[in-house]
**Student:** 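Sending over a structure as C-alpha cells; questions will come in a sec.
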Amino acid sequence: MDKFVIRGGNPLLGTIRVSGAKNAALPAMAAALLTDEPVILENIPQVRDIETTRKLLSAMGAEVELGYGRAQHRTTISCRQIASPEASYELVKTMRASTLVLGPLVARCGRARVSLPGGCAIGARPIDLHIRGLERLGATINQEHGYVEAVARRLKGAEIRFDKVTVTGTEDLLMAASLAEGETLMSNCAREPEVVDLADLLNKMGARIEGAGTPTIRIQGVERLHGAKHRIIPDRIEAATFLIAAVLTSGDLNVSGCEPGHLGALLEQLSSMGVKTARSQESVRVIGDSPLRAADVVTEEYPGFPTDVQAQYMALATQVQGTSTITENIFENRFMHAQELGRMGANIKIEGSRAIVRGKSPLSGAAVLASDLRASASLVLAALVADGETIIDRVYHIDRGYERIEEKLRAVGAQIRRIGEILPKKATAPAV
Ligand code: EPZ
C-alpha cells in the first residue's frame, strides 16, 4: 500500500486547478444505464472510485471507454443491453456509492440485485430511504443474503417524502422516476450541486425534471431516454481542501477551474476567521498571511457547511489561536481524524457530535494512518504545517477522491512524495 512522505513548513504559492467532481461523476455514470444510447461525460476525475464504477458497469454488460489524455478526462458509456442487472458485494464493499445503480436498473430492466453496502468508517450509512422510495414507485423489494432485490414491471410515479435529506437517495430516485409512468413529486430532497448536475444530464437525455437544487423536485416520467454529452461540474470539496491548505501554510494560492458559487459556506467561514480571499468567475484566491480568529462550525446539508470539509477544517482549527467547536450533524462517527491529529500534537476533545479544538498547537510530524477519504485529506493538510516529516499510510483512501493530489501540491511548493510499497520480489522458480 502506498504511503505519502510529507515535510512541513512550505507555504503554497501559485495555482492549482481542480478536477471534475467525483460525487457528480458517479451518479452521472450510473445514469448511462437508463438508455441504450452512448452517454459521453467530460471532466471525469482520474480517481479510484471512477475505476470502480467502470468495473461495476462493465460487469453488467455496458461498454465503458475511459480516457485521461491531456484534453480528455472523458468516458463514453454504452449500455445497449444489460446482461446482468447486479452489483456484487465485492464491488459494493469497496464503494458504497455503487447503490446508485439500484434505481436506474429497476427503471431500465425491471429488476435489480444490489449488495447492501454495510457500514463504513464514518457511520452506519443505511439505504432504507432509497428502498422506501422505490417501494413508493411500485417496486417489490426483497432483502436476503446481504442483497436487496427490487422488481417492477414498470415503475409508477408517486409522491415521495424523504424522512432525512439524502444525497444519493435523491439521485437514485431521480433516475428511477425519470422512466416511471406518470408524475413523481419528491420532497425534502438534497440540494447539493451534484444533484443539480445529475438533473441537468438527465434532462439532456430527454427526462422532464423541474426543481433540482430546491427541496421539491417534480419529474414527469417518459417512455425512454436517449444518449447525451455532458461536462461534469468542478469538485467543490477538492477546491475547499486546497483553499484550507493555503490558509494553513500562510500561502498565496489561486484555486482555478472551480465554481465559487458552490463554496459559499466555506468562504463565509474563512472570512469570519479573518481570511482574505478574492474570487473570479471560475477561481478563488486565498492570501493566507492575516491573523486568524477561531470560529465554530456546524455541518449541515447543502448549502450549509459540508460534512466533507469538516475534517480539513479541523486541521485548520488546530492552528488558530482560541477554541473552535466543530459540530458534525450528518454522520455519527466522522471524527476518526481527531485521534491522528492528536498524535501530531493537536489538542482536540470529542464530546458526542462535537469536537472542541484548542489552538494554536504546534504540530510535529509523525507516522499516521488514513481511515477514510476526507480524514486522509485532513492528515495531509496537518502534515503540510507540521514540524518535520509525516508518513501517511493507506493513501488508497485519498486516491479514491483526489486526482494526483501529491503532484498538484508539489507543483505549488509542498514537500510531498508518494512511496509505493516495496513489494518482495516475486520468488522465481529455481532454474531446473
Ligand atoms: C453523499 O453520501 C456523498 N457521497 C458523501 O461524500 C457525503 O458525505 C454525503 O452525501 C453527505 O453530503 C456521494 O455523493 C457519492 P446521505 P450519501 O445519504 O448519499 C442517512 C465523500 O467523502 N441516510 O446524504 O451516502 C445517512 O446515514 C463522501 O465524498 C439514512 O439514514 O449520504 C447520513 O446520516 C463521504 N438512510 C445522512 O442520511 C438512507 O437511506 C446523509 O447521508 C440514506 C442516508
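Counting convention: from 1, in listed order, for ligands and their atoms alike.
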**Student:** Side chains of Glu238 and Tyr402: donor-acceptor distance under 3.5 Å anywhere?
**Tutor:**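 Checked: Glu238/Tyr402 side chains show no N/O donor-acceptor pair below 3.5 Å.
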**Student:** Quick check on side chain to side chain contact (heavy atoms under 4.5 Å, CB included): which of Val47, Ile16, Ile398, Val395 does Ile405 satisfy it with?
**Tutor:**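 Checked Val47, Ile16, Ile398, Val395 against Ile405; only one passes side chain to side chain contact (heavy atoms under 4.5 Å, CB included): Ile398.
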**Student:** Which pair of non-hydrogen atoms, one from Arg54 and one from Leu66, has the smallest distance, and what is that distance?
**Tutor:**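 In terms of heavy atoms, the two residues are closest at CD-CD2, 3.8 Å.
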**Student:** Need the ligand 1 atom indices (1-based, order shown) with element for anything under 4.0 Å from a heavy-atom of Ile127.
**Tutor:**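 In order of number, 39 (C), 40 (O).
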**Student:** Taking atom types as modelled, find out whether His130 and Asp172 have a side-chain donor-acceptor pair closer than 3.5 angstrom.
**Tutor:**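 Yes, because at least one side-chain N or O of His130 sits under 3.5 Å from a partner of the opposite role on Asp172.
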**Student:** Which atoms of ligand 1 are found less than 4.0 Å from any heavy atom of Ile330?
**Tutor:**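 Heavy-atom distances to Ile330 below 4.0 Å select 33 (C), 34 (O), 41 (C).
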**Student:** Does either side chain, that of His337 or that of Gln310, offer a donor lying less than 3.5 Å from an acceptor on the other one?
**Tutor:**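 Result is yes, a qualifying pair exists.
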**Student:** To the nearest 0.5 angstrom, please state how far the CG atom of Leu409 sits from the OG1 atom of Thr249.
**Tutor:**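 If we round to the nearest 0.5 Å, Leu409:CG and Thr249:OG1 are 9.5 Å apart.
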**Student:** Taking only heavy atoms of His130 into account, list the atoms of ligand 1 that are under 4.0 Å away from them.
**Tutor:**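 Selected atoms, number and element: 40 (O).
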**Student:** Students should be able to answer this: which protein heavy-atom is nearest to atom 4 (N) of ligand 1, and at what distance?
**Tutor:**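 Its nearest protein heavy-atom neighbour is Asn23 ND2, 3.7 Å.
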**Student:** Considering only non-hydrogen protein atoms, determine which one is nearest to atom 17 (P) of ligand 1 and report residue, atom name and distance to 0.1 Å.
**Tutor:**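 Looking at atom 17 (P) of ligand 1, the protein heavy atom closest to it is Thr168 OG1, 3.5 Å.
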**Student:** Looking at ligand 1, does any of its N/O atoms fall within less than 3.5 Å of an N/O of Glu171?
**Tutor:**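 For ligand 1, there is no N or O atom that lies under 3.5 Å from one belonging to Glu171.
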**Student:** Nearest protein heavy atom to atom 5 (C) of ligand 1, by residue and atom, and its distance?
**Tutor:**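 Looking only at protein heavy atoms, the one closest to atom 5 (C) of ligand 1 is Asp308 OD2, 3.8 Å.
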**Student:** Counting non-hydrogen protein atoms only, what is the nearest one to atom 26 (C) of ligand 1? Give residue, atom name and distance.
**Tutor:**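 Scanning the protein heavy atoms, the shortest distance from atom 26 (C) of ligand 1 goes to Phe331 CE2, 4.2 Å.
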**Student:** Out of curiosity, Ile391 CD1 to Ile419 CD1, how far, rounded to the nearest 0.5 Å?
**Tutor:**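 Reported to 0.5 Å precision, the distance equals 5.5 Å.
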**Student:** Consider ligand 1: state whether an atom of it lies below 4.0 angstrom from any non-hydrogen atom of Gly169.
**Tutor:**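 For ligand 1, residue contact (heavy atoms, under 4.0 Å) with Gly169 is absent.
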**Student:** Report, in ascending order of atom number, the atoms of ligand 1 lying under 4.0 Å from any heavy atom of Lys164.
**Tutor:**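 Near Lys164, meaning under 4.0 Å from one of its heavy atoms, ligand 1 has 20 (C), 31 (O), 34 (O), 38 (O).
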**Student:** Checking a contact table here: which protein heavy atom is nearest atom 24 (O) of ligand 1, and how many Å away?
**Tutor:**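 Answer for atom 24 (O) of ligand 1: Val167 N, 2.8 Å.
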**Student:** Using a 4.0 Å heavy-atom cut-off, say whether Thr166 meets ligand 1 through its side chain, its backbone, both or neither.
**Tutor:**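 Both parts.
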**Student:** Any atoms of ligand 1 less than 4.0 Å from a non-hydrogen atom of Arg334? List them with their elements.
**Tutor:**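 Going through ligand 1 atom by atom, the ones under 4.0 Å from Arg334 are 8 (O), 22 (O), 35 (C).
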**Student:** List ligand 1 atoms under 4.0 Å from Thr307, heavy atoms only on the residue side.
**Tutor:**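 Matching atoms, with element in brackets: 8 (O), 11 (C), 12 (O).
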**Student:** Starting from atom 25 (O) of ligand 1, locate the nearest protein heavy atom and write down its residue, its atom name and how far away it is, to 0.1 Å.
**Tutor:**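 The closest one turns out to be Arg125 NH2, 3.0 Å.
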**Student:** Under 3.5 Å, N or O to N or O, is Leu129 touching ligand 1 that way?
**Tutor:**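 Such a contact does occur with ligand 1.
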**Student:** Under 4.0 Å between a Lys/Arg side-chain N and an Asp/Glu carboxylate O for Arg132 and Asp128?
**Tutor:**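 Yes.
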**Student:** Is Leu100 near ligand 1, meaning one of its heavy atoms is under 4.0 Å from it?
**Tutor:**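 Distance cut 4.0 Å: Leu100 fails for ligand 1.
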**Student:** Less than 3.5 Å apart, any donor N or O on the side chain of Gln46 or Ser19 sitting next to an acceptor on the other?
**Tutor:**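 No, Ser19 and Gln46 have no side-chain donor paired with an acceptor closer than 3.5 Å.
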**Student:** Between Tyr147 and Arg113, is there a cation-pi geometry (under 6.0 Å to ring centre, at most 45° from the normal)?
**Tutor:**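 Because its charged atom sits under 6.0 Å from the ring centre and within 45° of the axis, Arg113 does stack over Tyr147.
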**Student:** Assess the pair Tyr313 and Phe305: is the distance between their ring centroids shorter than 6.0 Å?
**Tutor:**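 Here the rings of Phe305 and Tyr313 have centres that are less than 6.0 Å from each other.
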**Student:** Does a donor on one side chain and an acceptor on the other come within less than 3.5 Å for Asn10 and Gln415?
**Tutor:**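 A donor-acceptor contact under 3.5 Å links the two side chains.
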**Student:** What residue and atom, counting heavy atoms only, is the protein's closest point to atom 31 (O) of ligand 1, and at what distance?
**Tutor:**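 Here the closest protein heavy atom is Pro126 CG, 3.5 Å.
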**Student:** What protein heavy atom lies closest to atom 36 (N) of ligand 1? Include the residue and the distance to one decimal.
**Tutor:**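 So the nearest neighbour among protein heavy atoms is Asp128 OD1, 2.7 Å.
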**Student:** I need the atoms of ligand 1 closer than 4.0 Å to a non-hydrogen atom of Lys22, numbered in the order shown.
**Tutor:**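 It comes down to these atoms of ligand 1: 21 (C), 29 (O).
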**Student:** If we count only N and O atoms by modelled type, under 3.5 Å, do the side chains of Asp197 and His230 hold a donor and an acceptor together?
**Tutor:**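 Note: Asp197 and His230 side chains meet the donor-acceptor criterion.
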**Student:** As an exercise, identify every atom of ligand 1 less than 4.0 angstrom from a heavy atom of Ala97.
**Tutor:**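 So the answer, numbered in order with elements, is 15 (C).
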